[in-house]
Amino acid sequence: MIYAIAGLIAGIMIGLFFPLTVPAVYAKYMSVALLAALDTVFGGIRAALERTFDLSMYVTGFFTNSLLAVLLVFIGNRLGIDLYYVALICFGLRVFNNTASIRRLLLNRYTK
Amino acid sequence: MKQGRWAIAAVSVVLGVMLAVQYRSTLGIEENNINLQRAGDLAIQLEEVKKEKGHLEELLKKMREQGTVDTVKEENLKLRFNAGLTQVKGPGVIVTIDDSNVPIQKGENANLYLIHDEDILRVVNELRAGGAEALSINEQRLIGTSEIRCSGPTITVNGKIFTPPYVIKAVGDKKMLTAALNMRGGVVETLKHWGIQISIEQMQQIIIPPYTGVFRSEFGVSEEVQK
């Protein structure tokens, strides 16, 4: 847990102090990738609380989910199907589901 | 287990970088809003400069009047009339043109129902052929170097942008001017075909403002010609 938080803070520092920006054209892909990554992270926290956390599943999921989401949105763009919103809604719903589960698990743990 | 911790840390670093980059990109969008504010500021500055210009023009006019003798003054006035630098008063016509009010059918080209610079040009050309002595579009005097040009849904005259309706004033023989426009197969008939609203008013007296812009004299040099 400490490693995760330390890594997150280090990443934010790197992102803020290095002049990395996403061109406006790729902003859509970036937001989809970010949402997919967030989904995996919340899924991971939930799995840890349920004691079913699997490291390789988590790490591979983090990268493949993001890349697949970007790839699908890209293909959709090429075919004229706006999969961007579909990805946003899908991952958004999953993030909220995961946070709800995390809340339930934590409540159960501390009230019992 | 030790490897696992590092893997989680690495994943977190990647997530952190993505979050920060996304945050910065969003900041960039807000900076665009500041640009809009800047546009507003510039508009205010433009307004002020315009006021100053009006003031200076008055000053210039006063100084010109002071420095002329009568005979020169008369010729000066004639030349200024020809150049479009004087306010002109007299009989003439007022032509008002507005976009079509015909509902556009699906699949039809909406462009056909809008006024274009060419339509205005045709009207102006017809008026000139009909003997108009002074012309203005939306109170903008037309002189020899005036342009009438399409700039998106608007037209530019003397570097100033106008939107419909366009009011074209012409001083000259009322009947001749009206007849020139209403010619069979002429400009009014063509425009009315597309439902463009065009009306011609014959007036006993209309006033056309003088040209207030600058003259270009960057490349040409005047030369006396022996007769």
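Please read all numbers here as calculations on a predicted model, not as lab measurements. Within every chain, numbering begins at 1; the chains are lettered A, B, ... in the order of the sequence lines, protein sequences first and strands thereafter.
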Under a 4.5 Å heavy-atom cut-off, does chain B meet the side chain of A:Tyr26, its backbone, both or neither? neither
Ionic contact status for B:Arg122 with B:Glu126, cut-off 4.0 Å: no
Quick check on A:Phe17: does its CZ atom have over 12 non-hydrogen neighbours (other residues, nucleotides or ligands) under 6.0 Å away? no
Polar contact flag, side-chain donor to acceptor under 3.5 angstrom, B:Asp119-B:Tyr166: no
Just so I understand: if I count every heavy-atom pair under 4.5 Å between each of A:Ile14, A:Leu16, A:Ile2 and chain B, which residue has the most? A:Leu16
Do you see a donor-acceptor pair shorter than 3.5 Å between the side chains of B:Thr178 and B:Gln202? yes
Of all of A:Ser66, A:Ser31, A:Ala37, which one pairs up most often with chain B through heavy atoms under 4.5 Å apart? A:Ser31
Give the ring-plane orientation class for B:Trp6 versus A:Tyr3, where under 30° counts as parallel, over 60° as perpendicular and anything between as tilted. perpendicular
Checking A:Ala6 against chain B: side chain, backbone, both or neither under 4.5 Å from a heavy atom? neither
For A:Phe63, which atoms come within 4.5 Å of any heavy atom of chain B: side chain, backbone, both, or neither? side chain
